[in-house]
4 protein chains.
Amino acid sequence: MTRTVGSSGVRTERNIREAGLRLIYKHGYEATSMRQLASEVGIQQGSLYNYFRTKQDLLFTLAHDHMRDLLRKVDAALKQDKTARERLEVFVRFHIDYHMQRKHEVFISYSEIRSLSEENRQIIISLRRDYEERLVSILDQGRAEGVFDVADTKVAAFGILSMLSGISTWFNPRGRLSKEEVSSIFVRMVMGSVTWNEGEKVKAKLRQSNAAVASATAE
Amino acid sequence: MTRTVGSSGVRTERNIREAGLRLIYKHGYEATSMRQLASEVGIQQGSLYNYFRTKQDLLFTLAHDHMRDLLRKVDAALKQDKTARERLEVFVRFHIDYHMQRKHEVFISYSEIRSLSEENRQIIISLRRDYEERLVSILDQGRAEGVFDVADTKVAAFGILSMLSGISTWFNPRGRLSKEEVSSIFVRMVMGSVTWNEGEKVKAKLRQSNAAVASATAE
Amino acid sequence: MTRTVGSSGVRTERNIREAGLRLIYKHGYEATSMRQLASEVGIQQGSLYNYFRTKQDLLFTLAHDHMRDLLRKVDAALKQDKTARERLEVFVRFHIDYHMQRKHEVFISYSEIRSLSEENRQIIISLRRDYEERLVSILDQGRAEGVFDVADTKVAAFGILSMLSGISTWFNPRGRLSKEEVSSIFVRMVMGSVTWNEGEKVKAKLRQSNAAVASATAE
Amino acid sequence: MTRTVGSSGVRTERNIREAGLRLIYKHGYEATSMRQLASEVGIQQGSLYNYFRTKQDLLFTLAHDHMRDLLRKVDAALKQDKTARERLEVFVRFHIDYHMQRKHEVFISYSEIRSLSEENRQIIISLRRDYEERLVSILDQGRAEGVFDVADTKVAAFGILSMLSGISTWFNPRGRLSKEEVSSIFVRMVMGSVTWNEGEKVKAKLRQSNAAVASATAE
DNA sequence: AATGAATGAGTATTCATTCAT
DNA sequence: AATGAATGAATACTCATTCAT
């Protein structure tokens with residue numbers, strides 16, 4: 001008698017993970033109760049604890065598995081590429097693609113970091129840093145190649161990641177723009193943001209407007 | 001006889017607002033309890049309700065007051081400026097400046113939208129849209145002037161705002177870079193992201209890398 | 001300058017009493033809050049305590065004033081009457097009349113006895129007993145005159161008072177029957193319930209049905 | 001091995017119901033707290049919610065189960081009887097008997113109607129009306145048979161029910177009168193109240209006393 | 001005579017978690 | 001692997017009352 005691939009327990013665990021992702025994405029970790037989760041899965045509260053030791057454990061598992069998967073895949077995507085510009089475009093397209101496909105995991109891993117225990121938080125933050133490093137090293141490479149003009153590659157990487165990560169909050173697959181069109185738009189913006197331009201002249205001229213800003217925000 | 005700053009009630013309300021901002025920023029709305037808040041302010045739980053009818057009311061008030069202030073100030077900052085490039089730089093510097101100064105309010109108004117009641121959420125989202133419109137119209141102006149090269153000004157505005165808003169999550173005023181340096185870096189990135197570049201040639205060449213991405217993210 | 005009859009304080013006290021009667025009648029003593037009461041009167045909570053030392057004090061005052069008034073008036077009504085039958089009809093009509101006019105006070109004094117403090121409860125119960133005594137003595141008189149046939153005047157009085165007091169829970173002044181019609185119906189029922197009838201024969205016959213009842217209620 | 005009566009859950013639910021009846025009877029619904037109830041049952045507050053979704057749900061369940069039981073039993077008691085007088089006596093004896101046995105349920109279902117939610121109140125009131133209908137139809141039958149002299153059977157039914165329901169507030173099983181003696185007294189009073197009597201002559205004579213009443217209650 | 005602000009104990013209900021079956 | 005019943009602490013919010021002004 002062969003063991004069926006999705007035994008009852010395996011199936012239940014997957015159901016819990018999926019319901020957990022959905023609920024935490026929608027209401028947040030704190031606002032999601034184990035009661036709600038159990039009812040969504042169709043089991044009793046007590047049964048959840050056959051799969052996850054605590055609610056915190058569930059959150060961490062979801063975030064952790066996601067981060068490891070993200071790293072594995074970004075490395076697979078970047079492996080064969082050559083120039084910094086080529087690799088940057090691949091990164092941008094990969095990031096957008098993945099973040100649209102795994103919207104829930106991505107959102108949770110980012111916005112529920114606050115709800116992780118100190119120890120768990122460090123692990124997730126460290127994995128996130130690893131991911132950011134992939135982009136930083138592309139920018140470094142581009143600077144070495146002389147094709148990117150960035151004052152600080154770490155800061156630039158943060159800026160680019162913020163820009164890209166925002167997409168999944170507003171992108172609608174049935175909306176005006178296709179995933180590919182959106183990706184192309186952002187590839188272009190990202191490229192522009194790190195490419196040599198004639199901004200120097202411009203910058204000089206605009207310095208003067210700073211004074212106005214300073215007074216306005218000072219109230 | 002010293003001049004007391006506001007009556008006892010006014011002072012208490014301000015204390016509640018400030019403690020509320022701090023706590024909700026740190027732990028999130030759901031994870032912040034009225035007990036905690038009262039103890040932070042140094043009053044009894046019940047006294048909170050002399051100032052805010054519900055916990056939800058407190059959250060909404062904080063978010064709402066912030067959004068109105070943001071709009072008032074961005075309009076004051078942009079008023080006198082002329083060209084689209086000038087106005088864009090003013091906007092970027094204003095946004096960064098304000099978001100660093102009002103870190104708590106900004107973060108709450110954005111990340112706790114989920115915790116607002118349906119009705120309150122609509123109000124805040126609508127104000128946020130108003131703010132986004134300020135940037136969209138700058139981009140429109142730039143396109144009309146022929147100085148900006150953006151396929152979709154709304155999408156570009158979302159991208160820019162995401163990029164800028166991320167700053168306050170990592171910026172440290174006592175860190176390596178000053179607020180002004182960070183602002184200048186982002187002015188330059190934003191300008192680059194919307195300026196005519198020679199990306200067209202580049203884009204053609206990079207199209208081929210998409211196939212690699214597709215297979216990598218497909219698992 | 002003459003002193004106005006209803007000075008501000010006097011007026012406020014009357015307003016509190018009236019609002020208190022209405023609210024306690026409608027929601028019950030426990031379910032009526034001082035906040036609600038103050039808001040109904042149009043003053044602040046604290047001001048209530050210029051008129052009533054405690055919430056309990058308000059309830060007791062309303063019940064006590066009512067009971068004293070009831071006794072004073074029933075005595076006035078009964079004073080001049082002669083025969084037991086005459087006096088009984090007067091009593092029935094008075095009771096119905098008064099209970100319709102002072103619906104709120106009557107209801108509160110009866111159903112909120114549970115909410116009175118031990119001491120206050122004794123006072124009200126004792127006044128109520130005084131009132132019941134008025135009816136008991138009419139029945140005693142009737143028995144002495146040989147016109148009433150009641151086994152136990154106290155029990156009969158309880159029965160009659162229950163019957164009459166129920167009226168105000170369903171009587172509608174704009175309904176099918178006028179107050180006078182209702183009163184006449186009840187005068188007749190009450191008279192019938194205490195008058196010699198030929199029930200003796202009947203009673204004997206019906207004794208046998210008791211067995212059926214006993215088995216039915218036993219489950 | 002002793003036979004346990006019901007599983008733990010069943011026993012706990014019964015305990016909650018019984019304690020609920022006792023407490024609500026004694027202090028009223030509003031004045032009974034879930035804390036008190038839990039402590040009376042000997043469980044934690046939270047455990048109550050494994051059995052009743054809300055405090056309101058408990059109240060409604062107690063009232064509803066009682067009303068259904070009352071109706072079922074009154075129908076069983078009345079089934080076989082014949083004449084209106086016979087059926088009326090059975091009704092009176094049944095009512096008194098049941099109301100003495102189920103004092104708590106009866107009292108709660110009547111006096112806590114105010115505390116029921118609108119929806120629940122409608123249901124209970126409707127069941128109570130069904131019960132009242134049993135008596136009304138007996139009076140209708142008696143009028144058809146020519147043995148009852150009632151102007152309005154609905155009003156008469158209300159009067160009789162009020163009279164009978166009051167008994168349980170003062171009856172003491174260890175008091176001067178036995179349950180059977182009390183029942184017989186009330187059978188006789190009820191019969192008298194609906195039977196042809198010579199009241200007509202009497203009534204005419206007493207009309208004059210109304211004037212006195214009117215002036216007395218007018219203050 | 002009234003207010004505004006505060007108190008401290010209380011409310012019903014929900015929480016994550018445990019554990020014998 | 002799942003259940004049903006329980007726990008003990010926590011939740012947001014309301015209560016009657018006080019008191020300086």
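Chain letters run A, B, ... following the sequence lines, proteins first, then strands; residues in each count from 1.
Set against E/dA6, F/dA5, E/dC15, the side chain of D/N50 has F/dA5 as its closest nucleotide. Among E/dT3, E/dT14, F/dT14, the nucleotide with an atom closest to any side-chain atom of C/I43 is E/dT3. You'll find that the side chain of A/Y51 is closest to F/dA2, out of F/dA2, F/dA6, F/dT17. Between E/dT13, E/dG8, F/dT7, one nucleotide has an atom nearer to the side chain of B/Q44 than all others, and that is E/dG8. Counting only heavy atoms from C-beta on, A/M34 has its side chain closest to E/dA16 among E/dA5, E/dA16, F/dA2. The side chain of C/K55 lies closest to F/dA16 when the candidates are F/dT7, F/dA16, F/dC13. Closest to the side chain of C/Y49, from the set E/dT11, E/dA16, F/dA16, is F/dA16.
Following rounding to the nearest Å, A/Q36 (CD) and E/dT14 (P) show an atom-to-atom distance of 12 Å. Following rounding to the nearest Å, B/L37 (CG) and F/dA10 (P) show an atom-to-atom distance of 17 Å. Between the CZ atom of C/F60 and the C1' atom of F/dA16 there is a distance of 20 Å, rounded to whole Å. The distance between atom CZ of A/R53 and atom C1' of E/dT18, rounded to the nearest whole Å, is 14 Å. Atom pair B/L48:CG and F/dC15:P shows a separation of 16 Å (rounding to whole Å applied). The CZ atom of C/F52 sits 16 Å away from the C1' atom of E/dA2 (whole-angstrom rounding). Distance CZ (B/R35) to P (E/dT14): 17 Å, rounded to an integer number of Å.
Counting only distance, with no hydrogens or angles, the side chain of B/Y51 and the backbone of B/V10 share no donor-acceptor pair below 3.5 Å.
For F/dT21, the paired base is E/dA2 (Watson-Crick or G-U wobble, both distances below 3.5 Å). The partner of E/dA9 is F/dT14, judged by Watson-Crick or G-U wobble contacts that both fall below 3.5 Å.
A salt bridge between B/E18 and B/R22 is absent, with no side-chain N of the basic residue lying under 4.0 Å from a carboxylate O of the acidic one. Taking 4.0 Å as the cut-off between side-chain N and carboxylate O, C/R114 and D/E112 count as a salt-bridged pair.
Contact of the C/I43 side chain with the C/I16 side chain is registered, since non-hydrogen atoms from C-beta on lie closer than 4.5 Å. B/H27 is listed as a side-chain neighbour of B/Q36, based on a closest heavy-atom distance under 4.5 Å.
Nucleic acid contact class of B/S47 (heavy atoms, under 4.0 Å, all strands): base.
Across the interface with DNA chain E, nearest-nucleotide mapping of B/Q45 and A/Q56 shows B/Q45 to be the residue nearer the 5′ end. Heavy-atom distances to DNA chain F give each of B/A31 and A/G46 a nearest nucleotide, and the one nearer the 5′ end belongs to A/G46. Nearer the 5' end of DNA chain F, as judged by each residue's closest nucleotide, is the contact made by D/T12, out of C/E30 and D/T12.
Residue B/R68 places its CZ atom among more than 12 non-hydrogen atoms of other residues, nucleotides or ligands, all under 6.0 Å distant.
Distances shorter than 4.0 Å separate none of the side-chain N or O atoms of B/S8 from OP1 or OP2 on E/dA5.
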